[in-house]
Amino acid sequence: MIKSVKSLVQLMGKSNILEQVRYASQALPQFSSEKYHIKRKNFGTIESADIGFFKSILSEEQVVTDESDILPYNIDWIKNCRGQSNLVLKPKNTEEVSKILKYCNSRRLAVCPQGGNTGLVGGSVPVFDEIVLSFALMNNIVSLDDLSGSLVCEAGCILETLDNYVRERGLIMPLDLGAKGTCHIGGNASTNAGGLRLLRYGNLHGSILGIEAVKADGTIVDCLRTLKKDNTGYHLKHLFIGSEGTLGLVTKVAIHCPVLPNAVNLGFFGVESFDNVLKLFKSAKSNLGEILSAFEMADFDAINSTVNSLNLPKPISDFPFYVLVETHGSDETHDNEKLMKFLSQEMETGLISDGTVTSEPSKMKSIWNIRESIAGSGLTVGYVFKYDVSIPQKNYYDLVPRLKTRMGDKALLIYGYGHVGDGNIHINVVVPEYNSEVASLLEPYIFEEVSKVNGSVSAEHGIGFRKPKYIHYSKDPSALQLMKDLKQLMDPNGILNPYKVLPDGPN
Ligand SMILES: Cc1cc2nc3c(=O)[nH]c(=O)nc-3n(C[C@H](O)[C@H](O)[C@H](O)COP(=O)(O)OP(=O)(O)OC[C@H]3O[C@@H](n4cnc5c(N)ncnc54)[C@H](O)[C@@H]3O)c2cc1C
């Protein structure tokens, strides 16, 4: 069993739904509704006439009713949440999405939008019998303007496919994450995904130029502009970026793609203390300035458990912390010299204890592979409680040692890694299997601690199903009320992704 779970994790960059079936069928998680004691809201239930309607507007293969085919759509990537949907719909275009929603709204049938199903907060899978609306068949690239860098595509395009496409035309996607081989651009937009290069290219509220979305009643909202500047009234695209499918379904995205850098360099450094990691970050900002594209850190347990469990080569020997610094620039010689100078200077100051710098694509890929595999490696050992929080950089790592003391031998491993550059730490707590006693030691403790330092309970993964009851730690009641008002306005029957994001949505 471990062997195939391992291969799933290694394949994460390229995995498809088939691997997920294999994975999911090995040990089915408990139904989310039972595990978290959720009561079904007052939605309609699917009847044969409903299936008949969907078959009248979609082709046979777009209406999935077979239980085993539906299984992977009911289980999230981390195998924590499991829904009970009996129906998956796979529209091929915006008009079909519109017809489906119009009908569902009239019948008060709840809908769970799903992209690549790599979300880590249970937002992408149903809780009860919501219809899964999968974007997998909406994967056309509409246009690319290589002068302005604006790409227009359908929501179901896989991030890595888009990146390969624009790279061949001298551009890159402005975001990169470990799940790139599976996640969809529509899912990225709906979660406001961050990732490895946010430090350089900013978040999706900046990169996304326009959005086409469908409201709960089937209305198509066309905000699909490709302009960098458009100050014509309310900036409506932002409503759909990061709202996790609760305000509307994203059907097309226009996104700005930066120019493919001529020179990419990568450094992997061993560091003795977290204090030194922070000093190194400060130094990288001033010494690498305009070419710095990523500054990532991982502690010993994060790297060690990943390379061991997945049999990956380790670039340098053991250190308490590791830092990965990437540069994107226009001059190979200049950039390489700059990074080499940074390495030798900081080895002299003692901030870096050992390190390696490379611009060789295969070596860079192998180092990035270690960093990108951390998120999934714990799954080869057991169940992983995953936290994704924003913390002011001076307090960034404090929670990890505190959690180790608090959990004692109740956890197999506790490690921290993440995007130091933007204050986002991921904390993983690995246990043999899900355990409610462990859960109650971790939550709400972690969120209370984050709140004490004015952090955020979700830095990039979103609120989804797992965090609505903790959203108040990071959102003022006045802001929460406005969120509820918006939901009421845009989805009065509450059919879009119920039980997610809002602590107590309509219906
Ligand atoms: C190995 C790994 C590494 C990851 N690294 C990162 C990282 O660095 N940064 C980061 O931010 N996240 C990361 N994630 C989390 C995840 O990949 C992102 O949240 C991603 O954006 C989700 O995209 P998806 O297509 O898989 O969406 P899904 O998981 O299918 O859905 C996510 C949410 O968006 C909604 N949704 C999906 N598509 C649409 C749509 N078209 N319209 C409306 N709503 C929709 C769903 O209902 C759900 O609420 C990682 C996950 C894994 C497994």
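Each ligand, and each atom within it, is numbered from 1 in the order the structure gives.
Taking CD1 of I208 as the start and CD1 of I185 as the end, the distance is 6.0 Å to the nearest 0.5 Å. Here the CG-CD distance, from L120 to E460, works out to 9.0 Å after rounding to the nearest 0.5 Å.
With ligand atoms numbered from 1 in the order given, ligand 1 contributes 43 (C) to contacts under 4.0 Å with heavy atoms of G248. Interface atoms of ligand 1 facing A179, defined by a heavy-atom separation under 4.0 Å, are 2 (C), 3 (C), 17 (O), 51 (C), 52 (C). Numbered from 1 in the order shown, with element, the atoms of ligand 1 that lie under 4.0 Å from a heavy atom of G245 read 43 (C), 44 (N). Less than 4.0 angstrom separates some heavy atom of L249 from each of these atoms of ligand 1: 42 (N), 43 (C). Using a 4.0 Å cut-off to heavy atoms of N188, the atoms of ligand 1 that qualify are 20 (C), 21 (O), 23 (O). When each atom of ligand 1 is checked for a heavy atom of A193 under 4.0 Å away, the hits are 11 (O), 21 (O).
Nearest-heavy-atom check against atom 39 (C) of ligand 1 across G462, G376, S190 picks out S190. The residue from L204, T246, L177 that puts a heavy atom closest to atom 13 (C) of ligand 1 is L177.
Checked against a 3.5 angstrom limit, the closest N/O atoms of N497 and ligand 1 fall inside it. Not one N or O of C112 is nearer than 3.5 Å to an N or O of ligand 1, by distance alone. Between N117 and ligand 1, at least one pair of N/O atoms sits closer than 3.5 Å. Any N or O atom pair closer than 3.5 Å counts here, and T118 shares at least one such pair with ligand 1. Taking any N or O of W77, backbone or side chain, none lies under 3.5 Å from an N or O belonging to ligand 1. Not a single N or O atom of H426, backbone or side chain, sits closer than 3.5 Å to an N or O atom of ligand 1. At least one N/O-N/O distance between G116 and ligand 1 falls below 3.5 Å. Where the criterion is an N or O separation shorter than 3.5 Å, residue side chain and backbone included, A155 fails it with respect to ligand 1.
At a heavy-atom distance under 4.0 Å, no atom of T251 approaches ligand 1. Proximity of T191 to ligand 1, defined as any heavy-atom pair under 4.0 Å, is confined to the side chain (atoms from C-beta onward). When heavy-atom distances to ligand 1 are checked against a 4.0 Å cut-off, K500 has no atom that comes that close, whether in backbone or side chain. Contacts between C183 and ligand 1, counted as non-hydrogen atom pairs separated by less than 4.0 Å, involve both the backbone and the side chain. For L120, every heavy-atom contact with ligand 1 shorter than 4.0 Å involves the side chain, none the backbone.
Under 4.0 Å is where a charged nitrogen must lie from a carboxylate oxygen, and between D50 and R107 at least one such pair does. A salt bridge is defined here as a Lys NZ or Arg NE, NH1 or NH2 lying under 4.0 Å from an Asp or Glu carboxylate O, and E244 with K500 fails to meet this definition. Salt bridge annotation for E326-R197: present, with a cationic side-chain nitrogen under 4.0 angstrom from a carboxylate oxygen. The pair E443-R466 counts as a salt bridge, with a side-chain nitrogen and a carboxylate oxygen less than 4.0 angstrom apart. Here E212 pairs with K252 in a salt bridge; the nearest charged N to carboxylate O distance falls below 4.0 Å. Between R82 and D76, no side-chain nitrogen of the basic residue sits less than 4.0 Å from a carboxylate oxygen of the acidic one, so the salt-bridge criterion is not met.
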Item to check | CA sep, side-chain torsions, deciding dist, call: E154, N140, side chain to side chain donor-acceptor pair (under 3.5 Å) | outcome: CA-CA 5 Å; E154 289 182 326; N140 291 308; 3.1 Å; yes
Item to check | side chain to side chain donor-acceptor pair (under 3.5 Å) between S59 and Q62, intermediate numbers included | outcome: CA-CA 5 Å; S59 60; Q62 293 175 266; 2.7 Å; yes
Checklist entry - Which is it for E433 and K79 under the salt bridge (Lys or Arg N to Asp or Glu O under 4.0 Å) test, yes or no, and what are the steps along the way? => result CA-CA 11 Å; E433 57 189 22; K79 275 212 319 180; over 6 Å; no
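No close placement of the F321 and F300 rings is indicated, their centers lying 6.0 Å or farther apart.
A donor atom on one side chain and an acceptor atom on the other are found under 3.5 Å apart for Y397 and D299.
In this structure, G195 is part of the shell of residues with a heavy atom less than 4.0 angstrom from ligand 1.
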